[in-house]
Amino acid sequence: MTHTTVTSPASTTTPTTSSGLRSLHLIRVVFSLIWVALILTTSASLVSTDRPTAIAGLLLVIYPLWDVIATLLERRLAGTGSTHRVSAVNMALGLATTAGMIIAVFTVVRTALLVFGVWALLSGAVQLVVAIRRRRTVGAQWPMIISGAQSVLAGATIAAGSASATSSLATLAGYSAFGAFWFLVSVIALSNRSRRAAR
């Protein structure tokens with residue numbers, strides 16, 4: 001789930017920010033679903049002791065890198081805001097994870113799962129902070145709060161389970177699918193809030 005978002009600098013920009021977030025969240029949903037489909041069809045059978053294939057390695061590197069790009073887009077969308085520093089931390093985590101994943105994919109799946117799990121845990125914690133702070137300016141943040149909490153728990157589970165010989169990349173597909181679900185819920189919640197505000 002990992003997916004941290006930033007806040008609007010002022011209430012006067014809330015409608016624009018809310019609309020932009022809905023669009024970007026929809027893009028994230030599509031990306032996650034495509035990523036899940038590719039993992040399940042090409043790499044789901046790979047377990048901890050296997051070496052990642054070229055396709056699996058590419059998918060593992062792309063995932064955190066996309067999160068960095070999406071967070072950067074959200075920062076530009078929102079402008080200067082109170083969570084700019086937090087989103088910068090999230091992007092730094094994403095870049096570090098991308099670098100770590102580039103190294104991990106040349107070893108075994110276990111290492112990649114550990115890197116992914118630690119990143120999911122830390123970025124989930126960041127998402128919680130951002131969503132809680134953004135409630136006052138954008139609102140409708142409960143899906144992102146739940147998603148952040150689940151990311152923390154899922155990340156800890158993935159990291160801990162990476163030592164098991166039976167852990168597979170299919171676990172990450174489930175993680176990403178849940179992330180897509182909560183982003184879709186967030187789109188619906190933001191849309192409902194915008195309709196209520198327009199009345």
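What you see is a predicted model; the values in this text were computed from it and never measured. FYI, side chains are in, hydrogens and waters are out, and symmetry mates aren't considered; it's all heavy atoms of this structure.
Within the 4.5 Å cutoff, side-chain heavy atoms of L122 are placed close to those of V118. Annotation: side chain of L172 is in contact with side chain of W35 (closest heavy-atom distance under 4.5 Å). Using a 4.5 Å heavy-atom cutoff, the side chains of L24 and I27 are in contact. Contact of the H25 side chain with the E74 side chain is registered, since non-hydrogen atoms from C-beta on lie closer than 4.5 Å.
When hydrophobic side chains of Ile, Leu, Val, Met, Phe, Trp and Tyr are connected at separations under 4.5 Å, L95 ends up clustered with V68, L72, M91. Residue L153 shares its hydrophobic cluster (ILVMFWY side chains chained together at separations under 4.5 Å) with no other residue. By the 4.5 Å side-chain criterion applied to Ile, Leu, Val, Met, Phe, Trp and Tyr, I103 is assigned to no cluster and stands alone.
Here the shortest heavy-atom pairing between L128 and G148 reads CG-C, 3.9 Å. The minimum heavy-atom distance linking L113 with S168 is given by the pair CD2-O, 4.0 Å. Of all non-hydrogen atoms in A37 and T41, the two that sit nearest each other are O-OG1, 2.8 Å. Pairing each heavy atom of V115 with each of M101, the nearest pair is CG1-CE, 4.0 Å. Between S123 and S151, the shortest heavy-atom contact is OG-OG, 4.5 Å.
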Start with the C-alpha distance between V36 and L40, add both sets of side-chain angles, then the distance that settles side-chain contact (heavy atoms from CB on, under 4.5 Å), and finish with yes or no.
-> CA-CA 6 Å; V36 166; L40 290 178; 3.8 Å; yes

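Hydrophobic clustering (side-chain heavy atoms under 4.5 Å, transitive across Ile, Leu, Val, Met, Phe, Trp, Tyr) groups L33 together with V185. No continuous path of hydrophobic side-chain contacts links V108 to I102 [ILVMFWY only; heavy atoms under 4.5 Å]. Criterion: ILVMFWY side-chain heavy atoms under 4.5 Å apart, direct or through other members. Under it, L114 and V47 are not part of a common hydrophobic cluster. Hydrophobic clustering places L60 together with L38 (ILVMFWY residues linked when any side-chain heavy atoms are closer than 4.5 Å, directly or through intermediates).
Rounding to the nearest 0.5 angstrom, the gap separating the OH atom in Y175 from the CZ atom in F116 is 5.5 Å. For the atom pair CG (D67) and CD (Q127), the distance works out to 8.5 Å, reported to the nearest 0.5 Å. With rounding to the nearest 0.5 angstrom, the CZ atom of F183 is 15.0 Å from the CZ atom of R22.
Screening residues 96-110 for side chain to side chain donor-acceptor pair (under 3.5 Å) gives T107-T111 as the qualifying pairs, with residues at least two apart or on separate chains. Identified under the side chain to side chain donor-acceptor pair (under 3.5 Å) test for residues 43-52, with sequence neighbours left out: none.
Under the side chain to side chain donor-acceptor pair (under 3.5 Å) criterion, S23 pairs with no residue, sequence neighbours left out. Annotation: side chain to side chain contact (heavy atoms under 4.5 Å, CB included) contacts of A163 (sequence neighbours excluded): none. For I55, the side chain to side chain contact (heavy atoms under 4.5 Å, CB included) partners two or more places apart in sequence, or in a different chain, are T42, T53, L59. Scanning for side chain to side chain contact (heavy atoms under 4.5 Å, CB included) contacts around L58 gives I62, with sequence neighbours left out.
For the residue pair T71/N90, the side-chain donor-acceptor check at 3.5 Å is satisfied.
Ring geometry for W119 versus Y63: interplanar angle over 60°, hence perpendicular rather than tilted (30 to 60°).
Judged by distance alone, with hydrogens and angles left aside, the side-chain atoms of S32 form no donor-acceptor pair with the main-chain N or O of V29 at under 3.5 Å. Using modelled atom types, no side-chain atom of S164 and backbone atom of G161 make a donor-acceptor pair closer than 3.5 Å.
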